[in-house]
**Student:** 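For reference, the structure I am asking about is given below.
Below, all heavy atoms of this structure are taken into account, side chains as well, without hydrogens, waters or symmetry copies. Atoms within each ligand, like the ligands themselves, are counted from 1 in listed order.
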Amino acid sequence: MLSPHLLGVAGFPVGHSRSPVMHAAALRELRLPWRYLKLPLPPELFAEAARALPAAGYVGVNVTVPHKLAALRLADHSTPTAKAIGAANTLTFTEAGIEADNTDAPGLIGALGESPSGRRALVLGAGGAGRAAAWALREAGAEVSVWNRTPERGRDLAAELGIGYAERAAGVPDLVVNATSVGLDPDISEQRVLEALGLRVREPPAALVDLVYGERETALTAWARRGGSAVVDGLEVLVHQGALSLERWTGRGPPLAAMRAAAAHGGLDIR
Ligand code: NAP
């Protein structure tokens, strides 16, 4: 019997993830008879379960909340990007052991579609996603500041990365990246989102990335679009980070259009 080629996403919870439908579409397009599965792993089982995956036929897995730090810790080798960010979202199982990478950072830059070099960028949020976004933009040559609801956490990140800390979010930078979880509630009003993030109604930036995504357009992206901003939504960032992981596992060029279409219609049957 042929050994199975399995991929997956490990998280807790993981039921909401669009990665399985997106990767299933990509594997179909590439005509690879591989499968990409959801792996709901509670934190206390994550390391042990992850180490057992290669023997079960897994080539690699994406890792999401709350396992990104643990994924970096358990790996035998890590890329400089994963080490610098302090978190991994991609594990690859090789003969040399478990390799950890972080495709969230290059995925964000890829989703922008153009270099942010020289642009003034403001990252809202200093959690895992904010950290990866601020590092990625700084590496790509942007002039980065971070703002966070809990200022100490934001100041710590700013000091660690050698970037600015913005006391207030308002001030019209060239690019705003929402890396907070504000907007995850699909029923939150535009006014509440802008208030929570300290943004001014009349000051949309030239470009805005909202890492939050859901069933419909977020209140933040709707506001930015109306104000004339160039908008990149969270699904586009998801597609780019997933594409980089898939390329790493398969060695094949990822079919971005098929992945984008599947991610946008998250309800597709993945069989
Ligand atoms: P996290 O580590 O838990 O950080 C959450 C962040 O949101 C913190 O900065 C927190 O500020 C802030 N926050 C939470 N509630 C807030 C509120 N009411 N007002 C203002 N700030 C608030 O989470 P994460 O892993 O960074 O993820 C953040 C978001 O990015 C999530 O929605 C996630 O789904 C999304 N994401 C998307 C992608 C993608 O590919 N599209 C990838 C990664 C993450 P405090 O420090 O003050 O608590």
Side-chain angles (χ1 to χ4, degrees), residues 9-23 43 62-72 82 85-90 102-112 122-137 145-158 161 165-170 176-189 191-199 208-215 217-221 231-246 256 259-260 263-264 266:
V9 54
F12 200 70
V14 78
H16 63 286
S17 174
R18 301 272 178 106
S19 292
V21 285
M22 180 176 82
H23 283 280
N62 283 128
V63 177
T64 186
V65 177
H67 302 316
K68 290 187 182 184
L69 300 182
L72 182 68
I85 295 168
N89 77 328
T90 304
N102 189 312
T103 66
D104 283 331
L108 169 66
I109 302 301
L112 285 178
L122 174 63
V123 175
L124 308 177
R131 190 182 177 83
W135 183 87
L137 289 164
S145 301
V146 64
W147 168 89
N148 196 54
R149 174 180 63 175
T150 310
E152 302 75 49
R153 201 176 177 198
R155 286 199 193 96
D156 286 352
L157 179 62
L161 295 183
Y165 180 72
E167 295 293 337
R168 295 158 53 87
V176 167
V177 178
N178 176 32
T180 72
S181 41
V182 174
L184 269 182
D185 171 1
D187 296 322
I188 191 169
S189 70
Q191 194 187 342
R192 291 273 310 278
V193 169
L194 296 181
E195 275 169 17
L197 297 177
L199 294 168
L208 178 129
V209 179
D210 192 356
L211 291 180
V212 172
Y213 64 86
E215 292 299 318
E217 179 169 61
T218 63
L220 187 63
T221 56
V231 170
V232 175
D233 65 23
L235 280 177
E236 188 63 13
V237 180
L238 180 82
V239 166
H240 279 267
Q241 63 78 31
L244 291 166
S245 299
L246 191 72
L256 282 176
M259 294 175 79
R260 195 175 281 128

**Student:** Without placing hydrogens or testing angles, list every side-chain donor-acceptor pair under 3.5 Å for residues 122-129, not counting sequence neighbours.
**Tutor:**
none

**Student:** Does ligand 1 come near enough to Ser181 that some N or O of the ligand is less than 3.5 Å from an N or O of the residue?
**Tutor:** yes
**Student:** Pairs of nitrogen or oxygen atoms closer than 3.5 Å, one from Asp104 and one from ligand 1: do any exist?
**Tutor:** no
**Student:** Heavy-atom distance from atom 23 (O) of ligand 1 to the protein below 4.0 Å?
**Tutor:** no
**Student:** Is there side-chain contact between Trp135 and Ile85, with heavy atoms separated by less than 4.5 Å?
**Tutor:** yes
**Student:** Side chain or backbone, does Leu235 bring an N or O within less than 3.5 Å of an N or O on ligand 1?
**Tutor:**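 No; the residue has no nitrogen or oxygen that sits under 3.5 Å from a nitrogen or oxygen of the ligand.
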**Student:** Output yes when the distance from some N or O of ligand 1 to some N or O of Val237 is under 3.5 Å, and no in every other case.
**Tutor:** no
**Student:** Say whether Arg149, considering both its backbone and side-chain N or O atoms, lies within less than 3.5 Å of an N or O atom on ligand 1.
**Tutor:**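 N/O-N/O distance below 3.5 Å exists for this pair.
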**Student:** Give the residue, atom name and distance (to 0.1 Å) of the protein heavy atom nearest atom 47 (O) of ligand 1.
**Tutor:**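 Closest protein heavy atom to atom 47 (O) of ligand 1: Thr150 OG1, 2.4 Å.
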**Student:** Any N or O of Arg153 that comes nearer than 3.5 Å to an N or O of ligand 1?
**Tutor:**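 Among all N and O atoms of Arg153, at least one is under 3.5 Å from an N or O of ligand 1.
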**Student:** Going by atom type alone, with no hydrogens or angles, which donor-acceptor pairs under 3.5 Å involve a side-chain atom of residues 236-244 and a protein atom two or more places apart or on another chain?
**Tutor:**
{"from": "Glu236", "atom 1": "OE1", "to": "Arg260", "atom 2": "NE", "distance (Å)": "2.8"}
{"from": "Glu236", "atom 1": "OE2", "to": "His240", "atom 2": "NE2", "distance (Å)": "3.1"}
{"from": "Glu236", "atom 1": "OE2", "to": "Arg260", "atom 2": "NE", "distance (Å)": "3.4"}
{"from": "Glu236", "atom 1": "OE2", "to": "Arg260", "atom 2": "NH2", "distance (Å)": "2.8"}
{"from": "Gln241", "atom 1": "OE1", "to": "Asn89", "atom 2": "ND2", "distance (Å)": "3.1"}
{"from": "Gln241", "atom 1": "NE2", "to": "Leu238", "atom 2": "O", "distance (Å)": "3.0"}

**Student:** If you take the nearest heavy atom of each of Thr180, Asp233, Leu124, which one is closest to atom 6 (C) of ligand 1?
**Tutor:**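 Residue with the shortest heavy-atom distance to the ligand atom: Thr180.
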**Student:** Please check whether Ala126 reaches ligand 1 - meaning an N/O of the residue sits under 3.5 Å from an N/O of the ligand, judged on distance alone.
**Tutor:** yes
**Student:** Charged N to carboxylate O under 4.0 angstrom, Lys68 versus Asp104?
**Tutor:**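 Answer for the salt bridge query: yes.
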**Student:** Heavy atoms, side chains only, cut-off 4.5 Å: are Leu199 and Leu194 in contact?
**Tutor:**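 In contact.
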**Student:** Any N or O on Leu197 sitting closer than 3.5 Å to an N or O of ligand 1?
**Tutor:**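 No, there is no polar N/O contact under 3.5 Å.
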**Student:** Could an N or O of ligand 1 be found under 3.5 Å from any N or O of Leu211, whether backbone or side chain?
**Tutor:** yes
